[in-house]
Student: 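Here's a structure for you.
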Amino acid sequence: MRSLFLNVFDIGSILNVSSLSGIRGTYGGTAYTGSKFALNGFTQSFALEAIEHNVRVNGVCPGYVDTEMGRNGIRSKGEREGHSFEEQFKIESEKLPTGRITNAEEVANTIAYLLSDAAENIIGENIILSGGSVMR
């Protein structure tokens with residue numbers, strides 16, 4: 001078992017995909033939110049252990065992303081609040097300082113950066129990609 005453990009550490013960088021729900025609670029998301037809070041803590045603890053083996057561990061925490069999952073979340077919120085999907089999408093976009101929902105390419109670019117040597121001194125961080133939503 002020890003050799004399997006060492007083979008995992010040969011990769012140099014690990015990245016966990018969490019969620020903005022791992023930073024703050026959400027209505028109706030108790031299980032999902034709880035799992036994301038746990039993943040964020042896991043990322044930090046594992047980072048402390050893995051760095052001894054020259055392995056960086058970080059995470060990304062996107063808010064709404066313009067994907068099927070993100071659109072379903074916006075749709076559900078709209079239904080709870082009596083809005084159409086289009087109305088709720090506009091509401092959610094306008095809440096953000098950027099005025100728009102994050103796209104999947106932006107998440108992928110952030111992941112690529114964190115896995116690259118350019119991020120070699122970023123350790124145990126959970127990077128938030130939310131269009132600035134945590135500031136409002």
Student: OG/S130 to CG/L20 distance, rounded to the nearest 0.5 angstrom?
Tutor: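 Reported to 0.5 Å precision, the distance equals 5.5 Å.
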
Student: Provide the closest heavy-atom pair for T102 versus G131 in the form atom of the first, atom of the second, distance.
Tutor: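 Looking at all heavy atoms of both residues, the shortest contact is OG1-N, 4.1 Å.
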
Student: Find the distance between CD1 (I123) and CG (L48) and round it off to the nearest 0.5 Å.
Tutor: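 Spacing of CD1 (I123) from CG (L48) equals 9.5 Å.
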
Student: First locate atom OH of Y64, then atom OG of S93, and finally report the distance between them rounded to the nearest 0.5 Å.
Tutor: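 So the gap between those two atoms works out to 10.5 Å.
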
Student: Working to the nearest 0.5 angstrom, can you tell me the gap between F85 CZ and N72 CG?
Tutor: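 One finds 8.5 Å between CZ of F85 and CG of N72.
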
Student: Decide side-chain contact (heavy atoms from CB on, under 4.5 Å) for E49 and F46; before the verdict, give the C-alpha distance in whole Å, the side-chain angles of both, and the deciding distance to 0.1 Å.
Tutor: CA-CA 5 Å; E49 297 167 14; F46 193 29; 4.1 Å; yes

Student: My understanding is that only residues two or more places apart in sequence, or in another chain, count here; which of them pass side-chain contact (heavy atoms from CB on, under 4.5 Å) with S76?
Tutor: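 Testing S76 for side-chain contact (heavy atoms from CB on, under 4.5 Å), a comparison that skips the adjacent residues, returns R80.
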
Student: Ignoring hydrogens, what is the shortest heavy-atom contact between C61 and I23? Give both atom names and the distance.
Tutor: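 Closest heavy-atom pair between C61 and I23: SG-CD1, 4.2 Å.
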
Student: R100: what forms a salt bridge (Lys or Arg N to Asp or Glu O under 4.0 Å) with it, not counting sequence neighbours?
Tutor: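 R100 satisfies salt bridge (Lys or Arg N to Asp or Glu O under 4.0 Å) with E106 only.
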
Student: Apart from M69 itself, which Ile, Leu, Val, Met, Phe, Trp or Tyr residues share its cluster (side-chain heavy atoms under 4.5 Å, direct or through members)?
Tutor: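 Answer for M69: Y32.
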
Student: Answer yes when K90 and E94 have at least one side-chain N-carboxylate O distance shorter than 4.0 Å, and no when they do not.
Tutor: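 Looking at K90 and E94, the cut-off is met.
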
Student: With the side chain counted from C-beta on, respond yes when I101 and I74 share a heavy-atom pair under 4.5 Å apart, and no when they do not.
Tutor: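 Yes, their side chains come closer than 4.5 Å.
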
Student: Once side-chain hydrogen bond (donor to acceptor under 3.5 Å, both in side chains) is applied, do any residues pair with T98, and if so which ones, sequence neighbours excluded?
Tutor: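 T98 satisfies side-chain hydrogen bond (donor to acceptor under 3.5 Å, both in side chains) with no other residue.
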
Student: Between S133 and P97, which heavy-atom pair has the shortest distance, and what is it?
Tutor: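 So the two residues come closest at N-CD, 4.1 Å.
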
Student: Check side-chain hydrogen bond (donor to acceptor under 3.5 Å, both in side chains) between E87 and all other residues, then give those that pass, not counting sequence neighbours.
Tutor: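 Scan of E87 (side-chain hydrogen bond (donor to acceptor under 3.5 Å, both in side chains), adjacent residues dropped) gives S84.
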
Student: Under the 4.5 Å side-chain heavy-atom rule for ILVMFWY, direct or indirect, which residues accompany I127?
Tutor: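 Once heavy-atom contacts under 4.5 Å are chained together, I127 belongs with L15, V17, V60, V65, V107, I111, Y113, L114, L115, I122, L129.
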
Student: My understanding is that only residues two or more places apart in sequence, or in another chain, count here; which of them pass side-chain hydrogen bond (donor to acceptor under 3.5 Å, both in side chains) with N109?
Tutor: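 Checked N109 against side-chain hydrogen bond (donor to acceptor under 3.5 Å, both in side chains); zero matches.
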
Student: A104 and T67: which non-hydrogen atoms are nearest, and at how many Å?
Tutor: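 The answer is CB-CG2, 4.2 Å.
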
Student: Look at the side chain of S19 and the backbone N and O of G22, then say whether any donor-acceptor pair between them is shorter than 3.5 Å.
Tutor: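 Not confirmed, S19 side chain does not pair with G22 backbone.
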
Student: To the nearest 0.5 Å, what is the distance between CE on M135 and CD1 on I128?
Tutor: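 So the CE of M135 and the CD1 of I128 are separated by 10.5 Å.
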
Student: Test of understanding: with salt bridge (Lys or Arg N to Asp or Glu O under 4.0 Å), list the residues that count as partners of E125, not counting sequence neighbours.
Tutor: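 E125: no salt bridge (Lys or Arg N to Asp or Glu O under 4.0 Å) contacts found.
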
Student: Please lay out, stage by stage, how Q88 and R75 fare under the test side-chain contact (heavy atoms from CB on, under 4.5 Å).
Tutor: CA-CA 7 Å; Q88 194 64 42; R75 185 174 290 106; over 6 Å; no

Student: Quick one: OH on Y27 to OG on S21, what's the gap to the nearest 0.5 Å?
Tutor: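 That separation rounds to 14.5 Å.
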
Student: Would you check, one step at a time, whether the test side-chain contact (heavy atoms from CB on, under 4.5 Å) holds for N126 with N58?
Tutor: CA-CA 6 Å; N126 289 294; N58 290 294; over 6 Å; no

Student: Write out all pairs satisfying salt bridge (charged side-chain N to carboxylate O under 4.0 Å, His left out) with one or both partners inside residues 55-70, taking only residues at least two apart or from two chains.
Tutor: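 Matches after skipping sequence neighbours: D66-R71.
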
Student: Minimum heavy-atom separation for G124 to A47, with atom names?
Tutor: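 Heavy-atom minimum between the residues: CA-CB, 3.5 Å.
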
Student: State which residues pass side-chain hydrogen bond (donor to acceptor under 3.5 Å, both in side chains) with N16; sequence neighbours excluded, sorted by chain then number.
Tutor: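 Expected list: T43.
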
Student: Apply side-chain contact (heavy atoms from CB on, under 4.5 Å) to K95 and list each qualifying residue two or more places apart in sequence or on a separate chain.
Tutor: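 Only K77, I91, E92 meet the side-chain contact (heavy atoms from CB on, under 4.5 Å) criterion with K95.
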
Student: Taking all atoms of both residues into account, what is the closest heavy-atom pair of S18 and N40, and its distance?
Tutor: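 Closest heavy-atom pair between S18 and N40: OG-OD1, 2.8 Å.
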
Student: Taking ring pair (Phe, Tyr, Trp, His ring centres under 6.0 Å) as the definition, give me every residue that meets it alongside F37, ordered by chain and number, with sequence neighbours left out.
Tutor: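 Applying ring pair (Phe, Tyr, Trp, His ring centres under 6.0 Å) to F37 gives none.
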
